[in-house]
Amino acid sequence: MASITASSFAISSFKNNQICLKSSSLPIKGISFPSLRMKPATRRLSINCAAKPETVDKVCEIVKKQLALPGDSVVCGESKFAALGADSLDTVEIVMGLEEAFGITVEEENAQTIATVQDAADLIEDLVAKKC
């Protein structure tokens, strides 16, 4: 069994909020591999931050309204639209409600990636940040 005792990484560029790694050094049990090259597909380091609680709460309220859920229904960031009873038409209506409430436009390809309230809130914050 190999154990990694230390590591170092060389950063080749930082663009579009992504750090691209050029190479790394991984000494394993006294044997050093000074120039392990990373494959292009695995060279990216992505850091995602969750949406603000206020955004998640607002999305929860919009989802409850669009789906006409009872006031005591629990909707949180992890809630899946399908589990709440939303079909594809409901999801389109939710997206339209979010666009109106936040003053954004959600492209169809982005709308198709939304499965949970948290997905929607994260996308909204990305779009609002790009808008500014």
Side-chain angles (χ1 to χ4, degrees):
M1 175 181 229
S3 65
I4 298 175
T5 57
S7 62
S8 65
F9 299 95
I11 298 173
S12 65
S13 65
F14 181 79
K15 60 183 176 181
N16 297 329
N17 294 329
Q18 293 180 343
I19 298 172
C20 296
L21 298 177
K22 183 177 179 182
S23 65
S24 64
S25 174
L26 301 171
I28 301 174
K29 283 206 174 200
I31 302 170
S32 182
F33 300 93
S35 62
L36 292 175
R37 297 285 176 196
M38 306 202 49
K39 296 178 184 176
T42 60
R43 288 171 59 161
R44 292 189 192 149
L45 172 65
S46 178
I47 300 172
N48 296 320
C49 298
K52 293 183 243 169
E54 311 86 63
T55 304
V56 175
D57 291 343
K58 189 170 181 179
V59 172
C60 288
E61 291 305 313
I62 292 167
V63 169
K64 285 171 99 171
K65 179 183 172 192
Q66 291 293 331
L67 297 178
L69 297 174
D72 61 345
S73 295
V74 177
V75 178
C76 63
E78 292 79 30
S79 298
K80 293 186 179 190
F81 294 154
L84 296 171
D87 60 18
S88 59
L89 180 58
D90 291 324
T91 303
V92 169
E93 291 176 351
I94 290 169
V95 171
M96 290 172 58
L98 295 172
E99 288 177 326
E100 184 178 327
F102 289 95
I104 57 171
T105 301
V106 178
E107 299 295 327
E108 186 177 342
E109 66 229 16
N110 290 334
Q112 292 175 354
T113 66
I114 300 172
T116 66
V117 170
Q118 187 69 51
D119 293 341
D122 292 342
L123 178 61
I124 288 165
E125 290 211 347
D126 286 347
L127 294 173
V128 168
K130 288 178 184 175
K131 187 177 167 182
C132 294

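Side chains are part of it too, since the values below use all heavy atoms of this structure and drop only hydrogens, waters and symmetry mates. In this chain, residues are counted from 1 in sequence order.
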Compute whether any side-chain donor of one residue and acceptor of the other, for Thr113 and Asn110, lie under 3.5 angstrom apart.
->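 Note: Thr113 and Asn110 side chains miss the donor-acceptor criterion.
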Which heavy atom in Gln118 sits nearest to a heavy atom in Ala50, and how many Å separate them?
->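 Looks like NE2-CB, 3.9 Å.
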Looking only at heavy atoms, what is the nearest atom pair of Val59 and Ala120, with distance?
->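 Where Val59 meets Ala120 most closely, the heavy atoms are CG1-CB, 4.0 Å.
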Does anything in residues 73-101 pair up under side-chain hydrogen bond (donor to acceptor under 3.5 Å, both in side chains), and if so which pairs, sequence neighbours excluded?
->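 Those involving residues 73-101 do not exist here.
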Taking only residues two or more places apart in sequence or in another chain, which ones pass side chain to side chain contact (heavy atoms under 4.5 Å, CB included) with Lys65?
->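 Side chain to side chain contact (heavy atoms under 4.5 Å, CB included) check on Lys65 returns nothing, list empty.
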Test side chain to side chain contact (heavy atoms under 4.5 Å, CB included) applied to Lys58 - qualifying residues, sequence neighbours left out =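 Applying side chain to side chain contact (heavy atoms under 4.5 Å, CB included) to Lys58 gives Ile62, Ala101, Phe102.
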For Leu67 and Ile94, what are the C-alpha separation, side-chain angles and deciding distance, and is it a side-chain contact (heavy atoms from CB on, under 4.5 Å)?
-> CA-CA 8 Å; Leu67 297 178; Ile94 290 169; 4.2 Å; yes
Tell me, yes or no, whether the heavy-atom count around Glu108 atom CD, taken from other residues, nucleotides or ligands under 6.0 Å, exceeds 12.
->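 No, CD of Glu108 has 12 or fewer neighbouring heavy atoms, counting only those of other groups under 6.0 Å.
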Could you state whether Met96 and Val128 fall into the same hydrophobic cluster, counting links through intermediate Ile, Leu, Val, Met, Phe, Trp or Tyr residues with side-chain heavy atoms under 4.5 angstrom apart?
->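 Hydrophobic grouping puts Met96 apart from Val128.
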[Y] backbone acceptor or donor facing [X] side chain under 3.5 Å:
X      : Y      : value
Glu125 : Lys52  : yes
Asp122 : Ala51  : yes
Asp126 : Leu123 : no

Sub-4.5 Å side-chain heavy-atom contact between Leu98 and Val106 |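 Heavy-atom side-chain distance check fails, nothing below 4.5 Å.
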